[in-house]
Number of protein chains: 2
Amino acid sequence: MGDSVVTPGIAEKALDPNEALGPQIKRILVQRILTNVLRPGERLSENELSASLGVSRQPVRDALIRLGEAGLVRALPQRGTEVTRIDLQSVDSGRFLREAAELAVIREAALRSKPSAIKTMEQIVSAQERAVKQEDHAAFLSLDDELHFTFAASIGHGDVWRTLQNVKLQMDRVRYLSLPDATPGKLLIQQHKAIIRALNARDPDSAQTAMREHLSELLSSLPRLVRKLPDYFDGSASA
Amino acid sequence: MGDSVVTPGIAEKALDPNEALGPQIKRILVQRILTNVLRPGERLSENELSASLGVSRQPVRDALIRLGEAGLVRALPQRGTEVTRIDLQSVDSGRFLREAAELAVIREAALRSKPSAIKTMEQIVSAQERAVKQEDHAAFLSLDDELHFTFAASIGHGDVWRTLQNVKLQMDRVRYLSLPDATPGKLLIQQHKAIIRALNARDPDSAQTAMREHLSELLSSLPRLVRKLPDYFDGSASA
DNA sequence: TTATGGATACTAGTATCCAATAATTGCTCG
DNA sequence: CGAGCAATTATTGGATACTAGTATCCATAA
């Protein structure tokens, strides 16, 4: 059963003693959860983690608290801390919220983003084309984040994208699972180009239309995944 | 001088040893920050807090980590933990995000919320009228939350409102500060009624218009506050 | 006025405890 | 052979005491 769904590729850097350990460990665990090295339902032990990371329990607890606030993990008293299953309800609400936010952002951006910001966007998309050619999934996804952040930043609301991060984490879990049969990068790039074209044309309506179409792609493979990996999900129509 | 801007009114319940202490302490500190018992820039000491609450440092650190994730507090290495000043930039981005979300919610609600949900909304507004008569600010604000949650819940996206909580915390800080010269409750209630009227009429456009007008009221006193209490804010045009 | 040095206070992290409880294991008894 | 019970183990939540490193404040001296 070779369903190791993931292309890790992300190096695990050693811990930097000059930076607080808690946030560093959080990032490591976020990576492991997103890439399904740690799978939904799996149980984590504070002692095990602290031993394997070579730190005490304290910073591990710090990290687990943060993960709990982000909804990636849940503490079960006297039993352990388990990786949450992907809650379909909150994925859907996340999609709703993100769509509302991004549509509002892109409308504003069409009205008043500066040409220099649009230039940046075009460069990011070019970089994405290179990433697709080299089949570098990780780089592609990270550029995708950067592009959407730039949309928000171009109207002075980078903070909006930042506060959507926790919401996006849940969507990203789905996204990493779908990497094998994801929407082809070429199509996503075309959609990005369509959005930027609308910005250049200062046409808010078609910018929104293009964005809406783009976002509808993001979770397109979700139903297939739920059928293939029911144990990873929660709140599905399992009845 | 006598700028204790607050009507506390919120009893501080004793700690319940059957529930994890960290989240409880977080709630207590959130209340103190929102009500300006703890003021922006003020420094918290883990030792002091643990002594005054009668617990060890561990659950206090737990609470401070959570507050840090919510952006209400910032750890200064080797110095202390300070209550963040209210960042005008993130308040504005919060407003933007919330407006985008609530406009999308209310449009959907006009299209497909169930009559029973609308009934609930009407009851909440009635309760608000009673709260205004009794000048019970705390109850009014809490009913306000409940109403907006019900808007989202009526289209099955209660989670949206839940994920907006952290954003709303920053806006709430402003809100509590403005209690003295806030928008009169009667006006807010009229706006609520206008929104619900539009839902009953299944008219998404006027629902959105009414909501937009309502939300624009929320931060109306912000500029005045920034002038009166510049120390509480960050990123203002102080130059 | 400026610099220096010391006292102080603070978080970050480590290392051990203890308490309560869920899960598991193994034993006993029918 | 199976059911029920008791002991064991592993877990988080919490408490306590300690070290390290650093920022801050203040008095004193040049």
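These numbers come from the heavy atoms of this one structure, side chains and all, not from hydrogens, waters or symmetry mates. All chains are named by letter (A, B, ...) in the order of the sequence lines, taking the proteins before the strands, and each is independently numbered beginning at 1.
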[X] versus [Y]: any side-chain heavy-atom pair under 4.5 Å?
X: A/Phe96; Y: B/His157; answer: yes
X: B/Val105; Y: B/Trp161; answer: no
X: A/Glu217; Y: A/Leu188; answer: yes
X: B/Leu218; Y: B/Arg95; answer: no
X: B/Thr81; Y: B/Arg74; answer: no

(request) Walk along DNA chain C from 5' to 3' and tell me the first and last nucleotide with an atom closer than 4.0 Å to a non-hydrogen atom of chain A. (result) C/dG13 to C/dA23

For nucleotides 10-12 of chain D, list the nitrogen or oxygen atoms of the protein found under 3.5 Å from its nitrogen or oxygen atoms, one pair per line.
from, atom 1, to, atom 2, distance (Å)
D/dT12, OP1, A/Leu44, O, 3.2
D/dT12, OP1, A/Glu46, N, 3.0
D/dT12, OP2, A/Glu46, N, 3.4
D/dT12, O2, A/Gln78, NE2, 3.1

(message) Apply side chain to side chain donor-acceptor pair (under 3.5 Å) to residues A/Arg173 and A/Thr84 and explain how you reach the verdict.
(response) CA-CA 11 Å; A/Arg173 295 179 79 180; A/Thr84 56; 3.2 Å; yes

(message) Before we go on, tell me: are the rings of A/Phe140 and A/His137 under 6.0 Å apart, centre to centre?
(response) no

